[in-house]
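What follows is a short report on a single structure.
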Amino acid sequence: MEMIASINSTINGIVWGIPMMILILGTGIYLSARCGFIQFAKFGHIMKNTLGKAFQKGETKEGSVSPFKAMCTALAASIGTGNIAGVSGAIAIGGPGAVFWMWISALLGMCTKFSEVTLAIKYREKNADGVWVGGPMYYIKNGLGKNWKWLGALFAVFGALAAFGIGNMTQINTICSTINTAITGFNPDFAGQTTVAWIIGIVCAILAFIVYIGGVQRIGDVCALLVPVMAIVYIICSIVVILFNIGEIPAAFKAIFVGAFNPSAVAGGLAGVGIKTAITKGVGRGIFSNEAGLGSAPIAHAAADVEHPVQQGIFGVFEVFMDTIVVCTMTALVVLLGVGVDNIQFGTDIGANLTINGFQSVFGTTIPGVVVAICLSLFAFSTVLTWGLYGTRCCEYLFGFQAGKVYQMIFCIVVVFGGTLELQLVWNIADTLNGLMAIPNLIALLALSPVVVKLVKEYKEMIKNPISK
């Protein structure tokens, strides 16, 4: 394990170094500029045509799902442990300033994900089962040409492997850790943590397998049910904590903005933390949460039943907004207001414990553990479902349709063991695989940016002159 940790640490330092930060943020700036900063200029239109039409019912064509279900499937992957454990971990290591860099990566990432989703619809194709499939590997193959197929295959390899980290072991491990914490709140002498981990792993594996049997339609149905409910419950609980500490809100935002550029000025525990750590943890955990630039979400969006690629692309903007600007900010405020900057043990509180402590400041010592455990379990399980789909599509692209079925079985088996692994190592491996996934995807986004710009112009003409459609 020590050798694995050492190797991963070396690779992680490379893929999440300053060059990667420049590539991720630079791609977001470049795409935003080329698309006329559509995430801001058309924000009202985007909200009206995503959130405003979220619950409209209508029939979808065979082999596809509704735009809302496609978004919920992708949102299920992004709203997960990154929003609870990831945010608190970023604050503990990078300080409150990490939240600021999360916001920056999200504001730029809105256009990055918009571009990813738009290209996924543009270059998708149907598999042997008659279902729409797409994502970076397909827009690399169909958009850049056969000479670039190796880059698509590289993404698929990283995606298939990353699913076991970001969408499997990390999620199950965090579920087990949080549930054990909740149980300990009722029984401080509880010593059955390992047993709980095995039970949770087995139950989640069985449920995931049942959902996978139903294909992308069943995944979409489950996610469309879970995502709105769990997000609303979590946001309401967070608002209660914020309102109870409303007088401390200015100080919390001051800590975020000051800490973004001078972490040590916020708290004594951050004396050895520099701005580089705040940026890398903020951007890294932000991407871990909203997945903008990774290329994963387009795999789910590719199944959407839409007439024009940009119609689904705007759901990508809403997805990042909801995930990071809303849910991650809620978590950050729960931690900073509920726990207090001066009470955070910087560098030691990893996982969801800080978030639970924040809720405990208002709801007492037992109920918060249960609420967070339930919310996080739903978040994490829906993430498992979606990342299983992502990994399956990557494996299918590499080895054919039947190989995807084998992949799903292996994925479910790994779920069983996920709860027994060391959390810190799992987080680190997931971080590394995220970075490796992003590289081929970001290269493709930059190369295909003229196509995105053309599609945006088409869409603007379409909504300006709807009759001409």
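Only a predicted model underlies this, so the values are computations on that prediction, with no experimental measurement involved. For the single chain, residues carry numbers from 1 onward in sequence order.
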### Task
In sequence, state the C-alpha distance, the side-chain angles, and the governing distance for N168 and W387, and then conclude on side chain to side chain contact (heavy atoms under 4.5 Å, CB included).
CA-CA 7 Å; N168 189 317; W387 268 93; over 6 Å; no
### Task
Describe, in one word, how the ring planes of F363 and F359 are oriented to each other, choosing from parallel (under 30°), tilted (30 to 60°) and perpendicular (over 60°).
tilted
### Query
Angle class for the Y397/Y138 ring planes (parallel below 30°, perpendicular above 60°, tilted otherwise)?
perpendicular
Taking [X] for the side chain and [Y] for the main chain, is one N or O donor matched with an acceptor at less than 3.5 Å?
X: N127; Y: D129; answer: yes
X: N173; Y: M169; answer: no
X: R393; Y: G388; answer: no
X: T386; Y: T73; answer: yes
X: E116; Y: L445; answer: no
X: W198; Y: V416; answer: no
X: S361; Y: G358; answer: yes

### Query
What about the rings of F411 and F209, do their centers lie closer together than 6.0 Å?
no
### Query
For the side-chain contact (heavy atoms from CB on, under 4.5 Å) test, which of V327, I235, L378, L225 pairs with M230?
L378
I need the [X] [atom1] to [Y] [atom2] distance, nearest 0.5 Å.
X: L161; Y: L436; atom1: CG; atom2: CG; result: 9.5 Å
X: L108; Y: L25; atom1: CG; atom2: CG; result: 6.0 Å
X: M71; Y: M322; atom1: CE; atom2: CE; result: 8.5 Å
X: M137; Y: C394; atom1: CE; atom2: SG; result: 4.0 Å
X: I219; Y: I213; atom1: CD1; atom2: CD1; result: 11.5 Å
X: I121; Y: Q312; atom1: CD1; atom2: CD; result: 5.5 Å

## Note on the structure
Closest non-hydrogen contact found for I140 with P440 is CD1-O, 4.1 Å
## Note on the structure
Between S377 and I179 the two heavy atoms that sit nearest each other are OG-CD1, 3.7 Å
### Query
For V233 and I374, what are the C-alpha separation, side-chain angles and deciding distance, and is it a side chain to side chain contact (heavy atoms under 4.5 Å, CB included)?
CA-CA 10 Å; V233 170; I374 293 173; over 6 Å; no
#### Entry: Y234 side chain to T331 side chain, donor-acceptor N/O pair below 3.5 angstrom
yes
### Task
Scan side-chain atoms only and decide if N441 and Y139 contain a donor-acceptor pair under the 3.5 Å cut-off.
yes
### Task
For the pair C328 and D323, evaluate side chain to side chain contact (heavy atoms under 4.5 Å, CB included) and give the outcome as yes or no after the intermediate values.
CA-CA 6 Å; C328 283; D323 177 273; 4.2 Å; yes
#### Entry: Non-hydrogen side-chain atoms of T355 and V87 separated by less than 4.5 Å
no
### Message
Does atom CD (Q193) have a neighbourhood of more than 12 heavy atoms from anything else shown, all under 6.0 Å?
### Response
yes
Indicate every side-chain donor-acceptor pair of residues 314-321 with a distance under 3.5 Å to a residue at least two apart or in another chain.
from: E319; atom 1: OE1; to: H301; atom 2: NE2; distance (Å): 2.6
from: E319; atom 1: OE2; to: K113; atom 2: NZ; distance (Å): 2.6

